[in-house]
Amino acid sequence: MRIVVLTGGVGGAKFLRGVRAYARERGGEVTAVVNVGDDTVMHGLRICPDLDSVMYTLGGGADAERGWGRQNETWTVSEELKAYGAEPSWFGLGDRDIATHLVRSTMLGAGYPLSAVTEALCARWSPGVRLLPATDDRLETHVVVDSEEGQRALHFQEWWVRHRGQLPARRFVFVGAESASPGPGVLEALAAADVVLVAPSNPVVSIAPVLAVPGLREAVVSGSAPVVGISPIIGGAPVRGMADRCLAALDVECSAAGVAGLYGGRGAGGLLDGWLVDDADAGVVATGLLVREAPLWMTDDAATTAIVRTAMELAGAVAR
Ligand code: GDP
Ligand code: CA
């Protein structure tokens with residue numbers, strides 16, 4: 001059983017723990033195709049928030065409380081940078097985390113592609129899931145907001161971390177997407193997949209940038225594997241994070257039905273064969289796909305694995 005998961009950072013990482021547990025019970029293989037739209041350079045270091053969230057979470061090194069970064073983290077370097085007045089001062093980098101960015105930046109500087117760097121970093125963490133960046137090319141999510149001189153675009157991290165997502169977003173632009181190609185192994189993994197799962201990640205800034213890599217969406221949609229999505233919205237709320245603000249920018253209702261409409265049913269030219277919603281959202285209907293409901297709170301690994309089991313049953317029911 002080969003499972004491919006399209007995923008963002010924190011929500012996707014939690015979900016992948018359940019996918020890994022499911023695959024272990026059955027001797028399956030898991031490949032995660034991870035968003036790189038949040039990636040940026042700070043203090044000369046290349047930061048890949050979603051790849052790192054997944055790698056640390058699956059490798060047992062993540063801070064469970066904060067949801068991102070390393071456990072037992074210290075912040076000496078960030079304090080020293082602040083003392084120099086070094087910008088950006090709004091982005092905290094933990095000391096342990098910085099080691100990851102140093103290794104990554106050094107390897108990238110020596111000419112290795114991000115996919116090879118990710119593999120090298122994963123040799124330490126043994127995530128038990130193959131992590132593939134959606135692309136090795138530059139693809140950055142920028143947010144268009146109103147300003148006094150009209151509209152301006154800022155990097156997603158600046159919008160979210162510096163401005164706490166408070167500036168109303170008009171739209172999201174995936175800079176560089178047109179000329180990006182799927183990372184090594186991505187198309188092969190999709191072609192060989194038995195099931196494709198769309199993690200309960202942010203549909204607008206985690207999943208959309210993955211699908212914006214030319215050829216990637218087509219590979220998912222034209223493949224023989226059933227495609228099942230798990231709703232990141234429960235009872236009209238994004239559980240955690242900024243999905244509500246992102247969906248508002250697209251004029252999409254923040255609901256399980258709204259996101260289903262955004263992805264679209266494969267039977268109607270969209271992405272999904274199946275859509276798993278929370279019990280609270282029972283009764284959601286969408287065109288061209290099959291909807292099932294189950295408890296979708298990823299409260300612990302057992303609950304998450306149960307979600308994956310239901311998603312895989314749904315995949316079985318919609319398989320052609
Ligand atoms: P990010 O890149 O760190 O923002 O993480 P993701 O995009 O992978 O996931 C963030 C999304 O996960 C949020 O927008 C939430 O909607 C969703 N989420 C978080 N916790 C849960 C949960 O327990 N259940 C479900 N269904 N969705 C969740
Ligand atoms: Ca992210």
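Counting starts at 1 for both ligands and their atoms, in listed order.
Closest protein heavy atom to atom 5 (O) of ligand 1: Val10 N, 3.0 Å. Remark: minimum distance from atom 8 (O) of ligand 1 to any protein heavy atom is reached at Ser201 OG, 2.6 Å. Scanning all protein heavy atoms for the shortest distance to atom 17 (C) of ligand 1 gives Pro200 O, 3.2 Å. Ranking protein heavy atoms by distance to atom 24 (N) of ligand 1, first place goes to Leu296 O, 2.8 Å. The protein heavy-atom contact nearest to atom 20 (N) of ligand 1 is Val239 CG1, 3.5 Å. Of the protein's non-hydrogen atoms, the one nearest atom 23 (O) of ligand 1 is Met298 N, 2.8 Å. Protein heavy atom closest to atom 2 (O) of ligand 1, with residue, atom name and distance, is Gly9 N, 2.8 Å. Closest protein heavy atom to atom 13 (C) of ligand 1: Arg240 O, 2.9 Å.
To the nearest 0.5 Å, atom CD1 of residue Ile230 and atom OG1 of residue Thr310 are 9.5 Å apart. With rounding to the nearest 0.5 Å, the separation of CG in Leu216 from CD in Glu218 is 8.0 Å. To the nearest 0.5 Å, atoms CE (Met107) and CZ (Arg46) are separated by 13.0 Å. Remark: Asp300 CG to Lys14 NZ distance equals 9.5 Å, nearest 0.5 Å. Asp97 CG to Tyr56 OH: the interatomic distance, rounded to the nearest 0.5 Å, is 3.5 Å. Atoms CG and CE, from Leu16 and Met55 in turn, are 14.0 Å apart once rounded to the nearest 0.5 Å.
The number of heavy atoms from other shown groups lying within 6.0 Å of CZ (Arg26) is above 12. The local environment of CD in Glu119 is sparse, with at most 12 non-hydrogen atoms from other residues, nucleotides or ligands closer than 6.0 Å.
Here the N, O or S atom of Asp38 that is nearest to the Ca ion (ligand 2) is OD2. If you look at Asp50 and ask which of its N, O or S atoms sits nearest the Ca ion (ligand 2), the answer is OD1.
In this structure, Ser201 and Ser206 approach most closely via the heavy-atom pair CB-CB, 3.9 Å.
The shortest N or O to N or O distance between Met242 and ligand 1 is not under 3.5 Å. Polar contact check, Ser231 against ligand 1: a nitrogen or oxygen pair lies under 3.5 Å apart. Note: no N/O pair closer than 3.5 Å links Trp297 and ligand 1 by distance alone. Between Ile233 and ligand 1, no pair of N/O atoms sits closer than 3.5 Å. Residue Gly241 has no N or O atom closer than 3.5 Å to an N or O atom of ligand 1. Residue Gly11 has at least one nitrogen or oxygen atom sitting less than 3.5 Å from a nitrogen or oxygen atom of ligand 1, judged on distance alone. Checked by distance only, ligand 1 and Ile234 stay at 3.5 Å or farther apart across all their nitrogen or oxygen atoms. Checked against a 3.5 angstrom limit, the closest N/O atoms of Lys14 and ligand 1 fall outside it.
By the 4.5 Å heavy-atom criterion applied to side chains, Asn72 and Arg96 are counted as neighbours. Contact check for His43 versus His101: no side-chain heavy atoms found under the 4.5 Å cut-off.
Of all atoms in ligand 1, listed by their number and element, those nearer than 4.0 Å to a heavy atom of Ala243 are 14 (O). When each atom of ligand 1 is checked for a heavy atom of Ser206 under 4.0 Å away, the hits are 2 (O), 6 (P), 7 (O). Near Pro238, meaning under 4.0 Å from one of its heavy atoms, ligand 1 places the atoms 13 (C), 14 (O), 15 (C), 16 (O). Contact atoms of ligand 1 toward Asp50: 2 (O) (distance under 4.0 Å to a heavy atom of the residue).
In this structure, Arg309 is not positioned above the aromatic face of Tyr22 in the sense of NZ or CZ being under 6.0 Å from the six-membered ring centre and within 45° of the axis.
Heavy-atom proximity to atom 27 (N) of ligand 1, evaluated over Ala199, Pro232, Ala303, is greatest for Pro232. Ranked by closest heavy atom to atom 10 (C) of ligand 1, the top entry among Ile307, Asn202, Leu16 is Asn202.
Using modelled atom types, no side-chain atom of Gln157 and backbone atom of Asp39 make a donor-acceptor pair closer than 3.5 Å.
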Stepwise side chain to side chain contact (heavy atoms under 4.5 Å, CB included) check, Val36 with Cys48:
CA-CA 7 Å; Val36 298; Cys48 300; over 6 Å; no
